[in-house]
Amino acid sequence: MIANDATHMTAVYRMVEYKMYYLSTRNNKLRIRTMDAIKQGISQEGGLFVPETIPKLANRDFLEMADMDYRSRAFKVLSPFLTDYNPGDLKKIIDAAYGKDNFDCPDIAPVIKLDNNLFIQELWHGPTYAFKDMALQILPHLMTYAVSNTDEDKEIVILVATSGDTGKAALEGFRDVNGTQIIVFYPDEGVSTIQKLQMVTQQGENVHVAAVKGNFDDTQTGVKAIFTDDSYNKLLEERGKRFSSANSINWGRLVPQIVYYVSAYTDLLKNNDLAPGEKFNVVVPTGNFGNILAAYYAKNMGVPIDKLICASNRNNILTDFIKTGIYDTRRDFYKTISPSMDILISSNLERLLFELCGRQDRQIRMWMRELNETGRYKLDEESLNMLQSILWGGSADEEQTLKAIWDTYRQYKYIIDPHTAVGKWVYDEYREETGDTQKTILVSTASPFKFPGDVLKAIKDMEYIQGKDDFQVLEALASASGMKIPPGLMDLKYKPILHQTTLDAGNMRQVISNFLELDG
Ligand SMILES: *Cc1c(COP(=O)(O)O)cnc(C)c1O
């Protein structure tokens, strides 16, 4: 097709008012609007919403975006997915989410060049210092817009299971947002001290926080069961409320994450670190598979990403899965120094599998039923080959993670947090095993100040931190690194504890009913 025709086609395409619809990974006949997908969070039959088509960006779009700021890039990426949002309103939403009140760096997601091959994209300049802010600063706006534009008369109750960072980012995003309540469950032994303090000191009229006995998978499984519990949802409806999700199962969480991959690529184009169309790899420290899935969508939109390198910690179920095609949860669960990646059931993998098997909902229902009933499932040969052509998987244990922090500091005078360090270790392993020297972006998912004890242990030594409390450790890290302590973390020392509920996973419904005063 010649260029003129293509332009003409695009024009016609626009004239017939192209609208994006969403289907479910477990029901591919479903066709719902974006606003409903975001409001609902998860599909009724337990599947995840996926866009009917993936919009494409061309070389000239990327070149044009190279000169834009983050907000304009975001508009360009988000608008073809969010066709029911009025463009003027979407611009306002983006401005409100990615402004200087919320992010401490004007580039929002800056890319740092460590050497000619390796770049780090810092995704932690938002209010809670982890990458979850990239999506959770905008999701409440998308959600409330959806509520007020779809004759919804119910109060939205955001139910969150967190491995540490989502909880705080969601609380910050939704606090005192009209027409919403937010309830966050975190595993009592599964989050870092700072992460826990960030949540239990949360202020706001509409916020509720509780600790669940057990690990993140217990918490996430409990929350997912509530989303699909018909009778409990009916009770809620009778009281004028409706559940939604701020976890990365919500499409409104995933779609903003695509933006920063596009943004990173256009930054590299702008600085002539990549030629237009030149391929590069991305390394993603992975837990629930949301972040790396966003990179997969970016690739499908046309960003020339070659390999998606999936980095796991000692809970390396994904590494094994990518190597063998067998997803097997019947294994020990480890608590690690990268707690936001301590996950055995990576929910968003379901969306990738849906694409790999040619969008066959029947196949997804079979695999997920097997997972539920036996704790494992196995891909067919064809799907496995597809998986391996897209992903490369590796993992780092605790010692390797600390070593990666030390090595990065020694080599580049740059300090990374333990999650990012898992990624760095796996990147080195990937290069060594494959000999691939293409340029690579490692996404940095948290500020090192969120995990100051382990970072300091890596760059100094154990004795250096002994006898210091968490806040003394923060100060020691600041003086060792020459970086400033993020103000919101230092303040934690003086904030009152406002949330003290602890429960067994089996009692979630009761606790929710108490929070929402359903029985009263
Ligand atoms: C949530 C989180 C991850 C894992 O991201 P997924 O999207 O769940 O794969 C990695 N690092 C940090 C710091 C996180 O908060």
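Side chains included, hydrogens not; waters and symmetry mates left out as well; all remaining heavy atoms used.
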Participant: Taking side chain as C-beta onward, heavy atoms only, is Leu474 less than 4.5 Å from Phe449?
Facilitator: yes

Participant: At their closest point, which heavy atom of Asp36 faces which heavy atom of Thr150, and how far apart are they?
Facilitator: OD1-CG2, 4.2 Å

Participant: Verify the neighbour count for atom CD of Glu52: are there more than 12 heavy atoms of other residues, nucleotides or ligands below 6.0 Å?
Facilitator: yes

Participant: Between Trp367 and Tyr327, is there a side-chain heavy-atom distance shorter than 4.5 Å?
Facilitator: no

Participant: For atom CG of Asp469, is the number of surrounding heavy atoms from other residues, nucleotides or ligands below 6.0 Å larger than 12?
Facilitator: yes

Participant: Could you give all pairs that pass the salt bridge (Lys or Arg N to Asp or Glu O under 4.0 Å) test and reach residues 196-215, with sequence neighbours left out?
Facilitator: Lys213-Asp504

Participant: For Leu477 and Val455, work out which heavy atoms get closest and say how close.
Facilitator: CD1-CG1, 3.8 Å

Participant: Tell me whether Lys168 is salt-bridged to Glu172, with the criterion being a basic N under 4.0 Å from an acidic carboxylate O.
Facilitator: yes

Participant: Identify whether the distance between the nearest side-chain nitrogen and carboxylate oxygen of Lys92 and Asp95 falls below 4.0 Å.
Facilitator: no

Participant: Can you give me the closest heavy-atom contact between Met68 and Lys76, atom names plus distance?
Facilitator: CE-CD, 4.3 Å

Participant: How far apart are the C-alpha atoms of Ile38 and Leu139, what are their side-chain angles, what is the distance that settles it, and do they pass the side-chain contact (heavy atoms from CB on, under 4.5 Å) test?
Facilitator: CA-CA 9 Å; Ile38 290 177; Leu139 179 66; 4.2 Å; yes

Participant: Please report the C-alpha distance between Lys19 and Arg33 in whole Å, then the side-chain angles of each, then the deciding distance to 0.1 Å, and finally whether the side-chain contact (heavy atoms from CB on, under 4.5 Å) criterion is met.
Facilitator: CA-CA 8 Å; Lys19 280 261 179 219; Arg33 294 183 306 171; over 6 Å; no

Participant: Run the numbers on Ile292 and Tyr296 for side-chain contact (heavy atoms from CB on, under 4.5 Å), then give the verdict.
Facilitator: CA-CA 6 Å; Ile292 195 166; Tyr296 169 79; over 6 Å; no

Participant: Do the side chain of Asn316 and the main chain of Ser395 share a donor and acceptor less than 3.5 angstrom apart?
Facilitator: no

Participant: Between Glu45 and Arg365, does at least one N-O distance fall below 4.0 Å, as a salt bridge requires?
Facilitator: no

Participant: Using a strict threshold of under 4.0 Å (side-chain N to carboxylate O), is an ion pair present between Asp217 and Lys224?
Facilitator: no

Participant: Would you indicate whether the side-chain heavy atoms of Asn291 and Thr286 approach each other to under 4.5 Å?
Facilitator: no

Participant: Can you tell me how far the CE atom of Met341 sits from the OG atom of Ser312, to the nearest 0.5 Å?
Facilitator: 6.0 Å

Participant: Do the charged groups of Arg314 and Asp342 touch, with an N to O distance under 4.0 Å?
Facilitator: no

Participant: Answer yes when Arg242 and Glu155 have at least one side-chain N-carboxylate O distance shorter than 4.0 Å, and no when they do not.
Facilitator: no

Participant: Which heavy atom of Ser447 sits nearest to which heavy atom of Trp124, and what is that distance?
Facilitator: N-CG, 3.4 Å

Participant: Identify whether NZ of Lys or CZ of Arg in Lys91 sits under 6.0 Å from the centre of the six-membered ring of Phe75 and within 45° of that ring's axis.
Facilitator: yes

Participant: Has Arg31 got its NZ or CZ under 6.0 Å from the middle of the six-membered ring of Tyr21, at an angle within 45 degrees of the ring axis?
Facilitator: yes

Participant: Can you list the steps and then say if Glu122 with His125 is a side-chain contact (heavy atoms from CB on, under 4.5 Å)?
Facilitator: CA-CA 7 Å; Glu122 295 178 347; His125 289 278; 2.7 Å; yes

